[in-house]
Engineer: 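The structure that follows is given in the form of structure tokens.
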Amino acid sequence: MGYDLVIFDNDGVLVDSEPLANSILAGYLSELGHPTTYEDSLRDYMGAAVHRVHDLVLERTGARLPDDFDETLHARTFAAFERELKPVPGVEEVLGLLTAHGVGYCLASSGSHERIRVGLRVAGLDGWFEEEWIFSSQDVGQGKPAPDLFLHAARQMGVEPSRCVVVEDSPLGVEAARAAGMDVYAFTSMMPADRLPGATGYFGDMKQLPGLLQLPV
């Protein structure tokens with residue numbers, strides 16, 4: 001295998017949360033007087049930390065979101081996760097192969113540490129990740145598309161960026177991985193390949209990922 005560390009995004013790659021999270025975000029913004037469709041949310045916010053929502057709304061409208069916006073959004077999102085969240089089909093098999101072959105992996109997400117852990121627990125994936133393998137944009141100064149989060153993850157895991165590969169499903173995540181000097185495989189379950197430019201390769205089913213990573217199956 002050509003890599004020493006596989007860095008997984010969380011939302012949409014490990015846990016099937018993007019449809020839920022973006023539906024809730026679009027609905028909440030619309031409720032607050034900022035009309036947003038589900039497609040708008042995917043385009044503008046998928047893969048980003050919540051501060052991007054504040055920044056874009058302020059930039060576009062001159063209005064600030066309520067002080068309790070993050071708290072309310074997270075409460076609604078977590079409630080939906082508890083009811084409906086599932087692992088991405090096939091991802092446990094990938095994690096099992098990495099473990100069997102002694103290949104290091106970790107998680108690096110724009111979501112908060114709380115959101116990451118709620119998602120992993122509800123989806124039944126928490127047993128695959130040690131605490132020290134979980135990284136959030138809360139850990140760094142800038143989230144995706146800046147490379148800071150992926151570079152932080154590599155540094156904490158003791159692996160050079162050139163020996164890392166990222167698994168992402170958002171344009172911001174692909175951009176961040178490339179900026180970090182890492183290969184990146186784009187998962188096209190939510191967005192087509194032409195909306196994820198710059199990736200090293202593309203796949204639409206987790207069953208294809210071991211082949212891209214050159215893992216024996």
Side-chain angles (χ1 to χ4, degrees), residues 6-28 36-43 45-50 53 70 72-100 103 105-131 133-137 144 153 165-174 184-193 195-196 199 202-213 215 217:
V6 181
I7 304 177
F8 290 94
D9 176 42
N10 185 44
D11 293 294
V13 171
L14 295 173
V15 298
D16 193 16
S17 54
E18 292 292 9
L20 290 172
N22 282 281
S23 293
I24 291 165
L25 175 57
Y28 187 26
T36 306
T37 67
Y38 174 71
E39 290 73 21
D40 293 337
S41 184
L42 290 179
R43 181 193 66 222
Y45 305 121
M46 184 173 161
V50 71
V53 183
D70 293 12
T72 301
L73 178 65
H74 290 157
R76 294 183 182 186
T77 303
F78 294 167
F81 282 5
E82 293 284 359
R83 294 190 304 268
E84 304 177 54
L85 192 63
K86 305 291 183 186
V88 169
V91 77
E92 290 186 88
E93 288 77 6
V94 174
L95 296 173
L97 282 171
L98 291 171
T99 301
V103 179
Y105 65 87
C106 66
L107 183 165
S109 170
S110 293
S112 66
H113 276 287
E114 182 183 14
R115 173 174 169 147
I116 294 167
R117 283 161 177 77
V118 167
L120 291 178
R121 174 181 59 78
V122 174
L125 297 178
D126 48 340
W128 289 103
F129 290 88
E130 303 290 341
E131 280 293 311
W133 300 352
I134 299 174
F135 306 99
S136 162
S137 61
K144 305 168 190 178
V165 62
V166 176
V167 184
E168 263 287 354
D169 70 334
S170 75
L172 295 175
V174 171
V184 53
Y185 289 108
F187 185 35
T188 58
S189 65
M190 290 289 297
M191 286 190 174
R195 294 185 62 187
L196 296 163
Y202 300 87
F203 66 105
D205 187 314
M206 277 294 164
K207 293 177 181 178
Q208 299 171 283
L209 184 57
L212 292 173
L213 298 177
L215 280 173
V217 294

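Sequence positions, counted from 1, serve as the residue numbers for this chain. Only a predicted model underlies this, so the values are computations on that prediction, with no experimental measurement involved. Heavy atoms only: backbone and side chains are in, while hydrogens, waters and symmetry mates are out.
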Engineer: Would a distance-only check, ignoring hydrogens and angles, find a side-chain to backbone donor-acceptor pair under 3.5 Å from Thr36 to Ala26?
Structural biologist: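 A pair under 3.5 Å: no.
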Engineer: So, Ser110 side chain and Ser137 main chain: donor-acceptor pair closer than 3.5 Å or not?
Structural biologist: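 Between the backbone of Ser137 and the side chain of Ser110 there is no qualifying donor-acceptor contact (under 3.5 Å).
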Engineer: Ignoring hydrogens, what is the shortest heavy-atom contact between Ala21 and Thr77? Give both atom names and the distance.
Structural biologist: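 Minimum heavy-atom separation between Ala21 and Thr77: CB-CG2, 4.5 Å.
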Engineer: Is there any salt bridge (Lys or Arg N to Asp or Glu O under 4.0 Å) pair reaching into residues 82-93, and which pairs are they, with sequence neighbours excluded?
Structural biologist: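 Checked against salt bridge (Lys or Arg N to Asp or Glu O under 4.0 Å) - neighbours excluded - the pairs reaching residues 82-93 are Glu82-Arg121.
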Engineer: Heavy atoms only: give me the nearest Val118-Phe81 pair and the separation to one decimal.
Structural biologist: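 Closest pair (atom of Val118, atom of Phe81, distance): CG1-CD2, 4.3 Å.
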Engineer: Can you give me the closest heavy-atom contact between Ala199 and Val174, atom names plus distance?
Structural biologist: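 Result for this residue pair: N-CG1, 3.9 Å.
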Engineer: How many angstroms lie between CD in Glu39 and CE in Met46, if you round to the nearest 0.5 Å?
Structural biologist: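 It comes to 12.5 Å.
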Engineer: Examine Tyr202 together with Tyr185 and report whether their ring centres are nearer than 6.0 Å.
Structural biologist: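 Not close enough - the centres of the two rings lie 6.0 Å or further apart.
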Engineer: So which heavy atom on Pro19 is nearest to which on Tyr38, and how close?
Structural biologist: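 Between these two residues, the closest heavy atoms are CA-OH, 3.4 Å.
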Engineer: Students often mix this up, so state it plainly: with edges at 30° and 60°, are the rings of Phe78 and His74 parallel, tilted or perpendicular?
Structural biologist: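 Rings of Phe78 and His74: parallel, under 30°.
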Engineer: Please examine the side chains of Val88 and Phe187, heavy atoms only from C-beta on, and report whether any two atoms are closer than 4.5 Å.
Structural biologist: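 Counting from C-beta outward, Phe187 and Val88 do come under 4.5 Å.
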Engineer: Go through the steps for Ile134 and Cys106 under the test side-chain contact (heavy atoms from CB on, under 4.5 Å), then give the verdict.
Structural biologist: CA-CA 6 Å; Ile134 299 174; Cys106 66; over 6 Å; no
Engineer: Nearest heavy-atom pair of Pro210 and Leu97: which atoms, and what distance?
Structural biologist: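 So the two residues come closest at CG-CD1, 3.7 Å.
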Engineer: Answer whether the closest heavy-atom distance between the side chains of Arg117 and Glu131 falls below 4.5 Å.
Structural biologist: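 Heavy-atom side-chain distance check passes, below 4.5 Å.
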Engineer: If you measure from CD1 on Ile116 to CG on Leu125, what distance do you get to the nearest 0.5 Å?
Structural biologist: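 Atom-to-atom, Ile116:CD1 and Leu125:CG are 13.0 Å apart.
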Engineer: Any sub-3.5 Å donor-acceptor pair from Ser109's side-chain atoms to Ser136's backbone N or O?
Structural biologist: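 Judged by distance alone, no pair lies under 3.5 Å.
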Engineer: Should Val6 and Leu213 be marked as a side-chain contact (heavy atoms from CB on, under 4.5 Å) after you check the CA-CA gap, both sets of side-chain angles, and the distance that decides it?
Structural biologist: CA-CA 9 Å; Val6 181; Leu213 298 177; 4.2 Å; yes
Engineer: When the side chains of residues 7-17 are checked against the rest of the protein, which donor-acceptor pairs come out under 3.5 Å, sequence neighbours left out?
Structural biologist:
{"residue": "Asp9", "atom": "OD1", "partner": "Lys144", "partner atom": "NZ", "Å": "3.1"}
{"residue": "Asp11", "atom": "OD1", "partner": "Ser17", "partner atom": "OG", "Å": "2.4"}
{"residue": "Asp11", "atom": "OD1", "partner": "Arg115", "partner atom": "NH2", "Å": "3.3"}
{"residue": "Asp11", "atom": "OD2", "partner": "Arg115", "partner atom": "NE", "Å": "3.4"}

Engineer: Between Ser41 and Asn22, which heavy-atom pair has the shortest distance, and what is it?
Structural biologist: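 Of all heavy-atom pairs spanning Ser41 and Asn22, the closest is OG-OD1, 2.7 Å.
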Engineer: To the nearest 0.5 Å, what is the distance between OG on Ser170 and CD on Glu18?
Structural biologist: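 Reported to 0.5 Å precision, the distance equals 7.5 Å.
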Engineer: State, yes or no, whether a side-chain contact exists between Tyr28 and Arg76 at a heavy-atom distance under 4.5 Å.
Structural biologist: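 The answer is yes, as the side chains (C-beta and beyond) meet within the 4.5 Å cut-off.
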Engineer: Is there a side-chain contact (heavy atoms from CB on, under 4.5 Å) between Leu42 and Met191 once you walk through the steps?
Structural biologist: CA-CA 9 Å; Leu42 290 179; Met191 286 190 174; 4.2 Å; yes
Engineer: Under the side-chain contact (heavy atoms from CB on, under 4.5 Å) criterion, do Phe135 and Leu107 qualify, and how do the steps go?
Structural biologist: CA-CA 6 Å; Phe135 306 99; Leu107 183 165; over 6 Å; no
Engineer: Got a sec, which residues hit ring-ring contact (aromatic ring centres under 6.0 Å, His included) with Trp128, two or more places apart in sequence or on another chain?
Structural biologist: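 Trp128 satisfies ring-ring contact (aromatic ring centres under 6.0 Å, His included) with no other residue.
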Engineer: Parallel, tilted or perpendicular for Tyr105 and Phe129, by the 30°/60° rule?
Structural biologist: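 The arrangement is perpendicular - the two ring planes meet at more than 60°.
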Engineer: Rounded to the nearest 0.5 Å, what separates atom CG in Leu25 from atom CG in Asp40?
Structural biologist: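 Rounded to the nearest 0.5 Å, the CG-CG separation comes out at 10.0 Å.
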